[in-house]
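Following: one structure in structure tokens, then a few remarks.
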Amino acid sequence: MNIEMSTIKELAETCGVSEQAIRKWCARNQVAKDVAQRYIIDKTTETAILQHYGKDTRNQVAQPTETSCETSETMKEIIEMLRKELEAKDKQIESLQHSLDRTTAALVSAQESIKAAQLLQANSEQKLKMIEKPAEEAERQGRKHWWQRWVD
């Protein structure tokens, strides 16, 4: 290997993973092998492996740390903001619950109205049948078959 190339063992130690994990990554990403069937890990491959395992420090910028007082104030502001949002959500839930209660009451009322209308319809049909039945019987009695006319 060239001096610029890293070994799988070095990369595994740097990334905090096993050598087998590095080999599997190389196999998945189709890294080329040399004559001895060892993976050829150049700078580009090394950078890709380090980025995959979150160990590439070249592009990271150091962030200034806040003092504990600033952090505490920020946390208090966040907590207060979240409390206000929670109160607003509680009011929304209460409003929706009232709306749901009104809708449920209207639905029950509509179901009762439908049930009453169905009963009324059934009664009307039954009365209509009772009225039509005697009229049909009277009409049948008035009609005679041809053979009945000769018997009388």
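Every heavy atom of this structure was used, including side-chain atoms; hydrogens, water molecules and symmetry mates were not. Owing to the predicted nature of the structure, the values given are computational and were not obtained by experimental measurement.
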How long is the span from the [atom1] atom in [X] to the [atom2] atom in [Y], to the nearest 0.5 Å?
X     : Y     : atom1 : atom2 : value
Tyr39 : Gln30 : OH    : CD    : 10.0 Å
Ile41 : Thr47 : CD1   : OG1   : 11.5 Å
Arg38 : Ile8  : CZ    : CD1   : 9.5 Å

If you take all heavy atoms of [X] and [Y], which pair is closest and at what distance?
X     : Y     : result
Leu11 : Glu46 : CD2-CG, 3.6 Å
Ala21 : Tyr53 : O-OH, 3.3 Å
Leu50 : Thr14 : CD2-CG2, 3.8 Å

> Mind checking what makes side-chain contact (heavy atoms from CB on, under 4.5 Å) contact with Glu80, not counting sequence neighbours?
Replying inline: Arg83, Lys84

> Partners of Ala88 by side-chain contact (heavy atoms from CB on, under 4.5 Å), sequence neighbours excluded?
Replying inline: none

> Is the backbone N or O of Ala48 less than 3.5 Å from a side-chain atom of Gln51, with the two atoms forming a donor-acceptor pair by type?
Replying inline: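 Answer holds: no.
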
>> Under the criterion side-chain contact (heavy atoms from CB on, under 4.5 Å), I'd like the reasoning laid out for Thr45 against Asp42: C-alpha separation, chi angles, the key distance, then a yes or no.
In response: CA-CA 5 Å; Thr45 306; Asp42 56 8; 2.7 Å; yes

Can I get a per-line list of side-chain donor-acceptor pairs under 3.5 Å for residues 89-103, giving both atom names and the distance, sequence neighbours left out?
| residue | atom | partner | partner atom | Å |
| --- | --- | --- | --- | --- |
| Gln97 | NE2 | Asp101 | OD1 | 3.2 |
| Thr103 | OG1 | Ser99 | O | 2.8 |

>> Applying salt bridge (charged side-chain N to carboxylate O under 4.0 Å, His left out), can you list everything that pairs with Glu13, at least two apart in sequence or on another chain?
In response: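 If we apply the salt bridge (charged side-chain N to carboxylate O under 4.0 Å, His left out) test to Glu13, skipping adjacent residues, there are no hits.
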
> So which pairs with a foot in residues 16-27 pass salt bridge (Lys or Arg N to Asp or Glu O under 4.0 Å), sequence neighbours left out?
Replying inline: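 Sorted result for residues 16-27: Glu19-Arg23.
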
For residues 111-127, run the donor-acceptor check on the side chains, cut-off 3.5 Å, and write out each pair with its distance to 0.1 Å, sequence neighbours left out.
| residue | atom | partner | partner atom | Å |
| --- | --- | --- | --- | --- |
| Ser113 | OG | Ser109 | O | 3.1 |
| Gln121 | NE2 | Glu125 | OE2 | 3.0 |
| Ser124 | OG | Leu120 | O | 3.0 |

> Do other residues, nucleotides or ligands put more than 12 heavy atoms under 6.0 Å from the CE atom of Met81?
Replying inline: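 More than 12 within 6.0 Å, yes.
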
> So which of Ile49, Thr7, Val31 actually passes side-chain contact (heavy atoms from CB on, under 4.5 Å) with Ile22?
Replying inline: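 Between Ile22 and the candidates, side-chain contact (heavy atoms from CB on, under 4.5 Å) is satisfied uniquely by Ile49.
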
> Does some side-chain heavy atom of Leu86 sit less than 4.5 Å from a side-chain heavy atom of Leu82?
Replying inline: no

